Q: 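Just passing along the structure, written as structure tokens.
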Amino acid sequence: MNIAMRLPVTVKGALMADAHQGYGLPIGGVLATQNCVIPYGVGVDIGCRMCLSIYETKASYLENNDFQLKGLIKENSRFGRHIFEDRNRNDAIFERSEFQEIKILKKLRNKAYQQIGSSGGGNHFVEFGIVKITDINNEFGLPIGEYMGLLTHSGSRALGANIARHYTSLAQELCYLPKQAQHLAWLNLASEAGQEYWLAMNLAGDYASACHHHIHRRMATSLGMKPLATVENHHNFAWKEKLQNGEEVIVHRKGATPAGKGVLGIIPGSMTAPGFIVRGTGNPLSLNSASHGAGRQMSRSKAKSNLNMKMMKQELLKHKVSLFGGGLDEAPQAYK
């Protein structure tokens, strides 16, 4: 973050409470720049996001229908390299002109079509849980109480990863920086490459959203229920925003959630810690941003070497969490 703050294009920055090391900006890093975008300031999983559906059913529904709900997750989601064989893959996203006008996107369209509605790997998940509404003035108009929630976390799959790799490589060719800063190479938004990346990034973000909507659509159909409310927010993205003094900047949020005044978001916990539906306060010190998750206290390799499956299962059992899939690198103990 210190290196990012010393770039000649940097205007302002902030570091979130869940921050940990990453390529380019750290995860939890927020950076405002002048008329340029840093592909690794956005990250590899462009537009990765949270999506929550709240259902009008009592929390006891979870316990009473435990087996069926596990089955629904297995039936309606796919992880790792697996794709969802959905006959209803069509989506307005594939009609976007960027898929025809930008060379790299033209090559990636078929892969994106295959992967839509799947979640990928790592810390991505699909889960059922209890949503506790505690604020009578909530935006959903719901009475205080407990509801069933479906929460998903995933991003833009191979589409986002390939966009990130391609334009980071291009930025490093066009913007030479010392070795310790080379992952922070930027593209000027006045340039053709910068404009291309901006369009591709926005497409990847919309594609990530579409992936969530496909999962939530399938789940709602299988449940035979219509959600009362939904909340969605994303990270690993760059936005055009204005600072307090009116200066327009590009705000990169890598693993950080937008938290402008009144903006709703979701900050998930680990497998055993609660997540939170939050309302932004619009704090200029954080560049209108908040944490995007629990934050790692062990790297993936450290978690694998320091923990074992018995330890993880005991922790999950203690918190009454059922898990299928997921490795030691995502164990609750690996997180803050």
Side-chain angles (χ1 to χ4, degrees), residues 43-53 65-94 99 104-105 107-129 149-166 203-223 232 234-236 255 266 268 270-271 275 293 296 300-301 303-304 309 312-313 316 321-332 334-335:
V44 175
D45 195 7
I46 298 170
C48 188
R49 65 188 56 222
M50 306 300 307
C51 189
L52 170 70
S53 288
N65 296 274
D66 179 69
F67 182 77
Q68 291 92 327
L69 293 175
K70 286 176 184 174
L72 289 188
I73 291 178
K74 290 175 182 176
E75 286 170 22
N76 290 298
S77 59
R78 295 291 182 273
F79 294 89
R81 294 182 181 276
H82 298 288
I83 58 174
F84 193 88
E85 298 292 348
D86 192 350
R87 292 177 186 173
N88 193 6
R89 279 199 184 124
N90 291 334
D91 193 283
I93 194 81
F94 298 115
F99 275 120
I104 185 172
L105 295 183
K107 293 178 184 175
L108 294 171
R109 186 184 181 279
N110 286 344
K111 185 76 170 176
Y113 184 80
Q114 285 180 339
Q115 291 187 330
I116 196 163
S118 60
S119 295
N123 61 1
H124 294 168
F125 61 79
V126 174
E127 67 180 23
F128 283 107
L150 171 70
L151 182 63
T152 52
H153 174 221
S154 55
S156 50
R157 310 292 280 111
L159 177 67
N162 280 288
I163 290 168
R165 278 193 285 268
H166 174 79
L203 180 75
D206 292 341
Y207 172 80
S209 180
C211 281
H212 283 270
H213 295 171
H214 277 250
I215 296 169
H216 284 250
R217 168 184 55 79
R218 292 195 299 257
M219 284 290 198
T221 302
S222 296
L223 285 165
E232 186 176 353
H234 56 305
H235 43 272
N236 294 1
I266 304 160
S270 66
M271 288 181 191
R296 300 192 74 94
R300 293 183 184 279
S301 56
K304 287 175 183 176
M309 289 306 290
M312 184 165 93
K313 285 177 180 176
L316 293 170
V321 173
S322 299
L323 171 71
F324 36 93
L328 285 173
D329 56 333
E330 288 300 320
Y335 283 87

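The first residue of the sequence shown is numbered 1, and numbering continues consecutively from there. Please read all numbers here as calculations on a predicted model, not as lab measurements.
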Q: Go through it in stages, so that I can follow the logic: the residues are H212 and M50, the test is side chain to side chain contact (heavy atoms under 4.5 Å, CB included), and I'd like the CA-CA distance, side-chain angles, deciding distance and then a yes or no.
A: CA-CA 8 Å; H212 283 270; M50 306 300 307; over 6 Å; no
Q: Taking the six-membered ring of F324 as reference, does the cationic atom of K74 (NZ for Lys, CZ for Arg) lie under 6.0 Å from its centre and within 45° of its axis?
A: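 The answer is yes, since K74 meets both limits relative to F324.
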Q: Go through the steps for L316 and M312 under the test side chain to side chain contact (heavy atoms under 4.5 Å, CB included), then give the verdict.
A: CA-CA 6 Å; L316 293 170; M312 184 165 93; 4.1 Å; yes
Q: Looking only at atom types and distance, does a side-chain atom of Y207 sit under 3.5 Å from a main-chain N or O of L159, one as donor and one as acceptor?
A: no
Q: Within the distance-only criterion (no hydrogens, no angle test), does the side chain of S119 pair as donor or acceptor with the backbone N or O of S154 below 3.5 angstrom?
A: no
Q: Check M219 against I73 and note the closest heavy-atom contact, atom names and distance.
A: CE-CA, 3.6 Å
Q: When you measure from the side chain of R296 to the backbone of A334, do you find a donor-acceptor pair of N or O atoms at a distance under 3.5 Å?
A: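 A pair under 3.5 Å: no.
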Q: Are the side chain of R49 and the backbone of G205 linked by a donor-acceptor contact shorter than 3.5 Å?
A: yes
Q: Would a 4.5 Å heavy-atom cut-off, applied to side chains only, mark L203 and I46 as touching?
A: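 No, their side chains stay 4.5 Å or more apart.
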Q: Consider only side-chain N and O atoms of S118 and H82, and report whether a donor and an acceptor are under 3.5 Å apart.
A: no
Q: Taking R109 for the side chain and F99 for the main chain, is one N or O donor matched with an acceptor at less than 3.5 Å?
A: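 Flag not set: sc R109 to bb F99 has no pair under 3.5 Å.
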Q: Would you check if the side chain of N236 reaches a backbone N or O of D45 as a donor-acceptor pair within less than 3.5 Å?
A: yes
Q: Could you tell me whether the side chain of H124 and the main chain of F79 form a donor-acceptor pair under 3.5 Å?
A: no
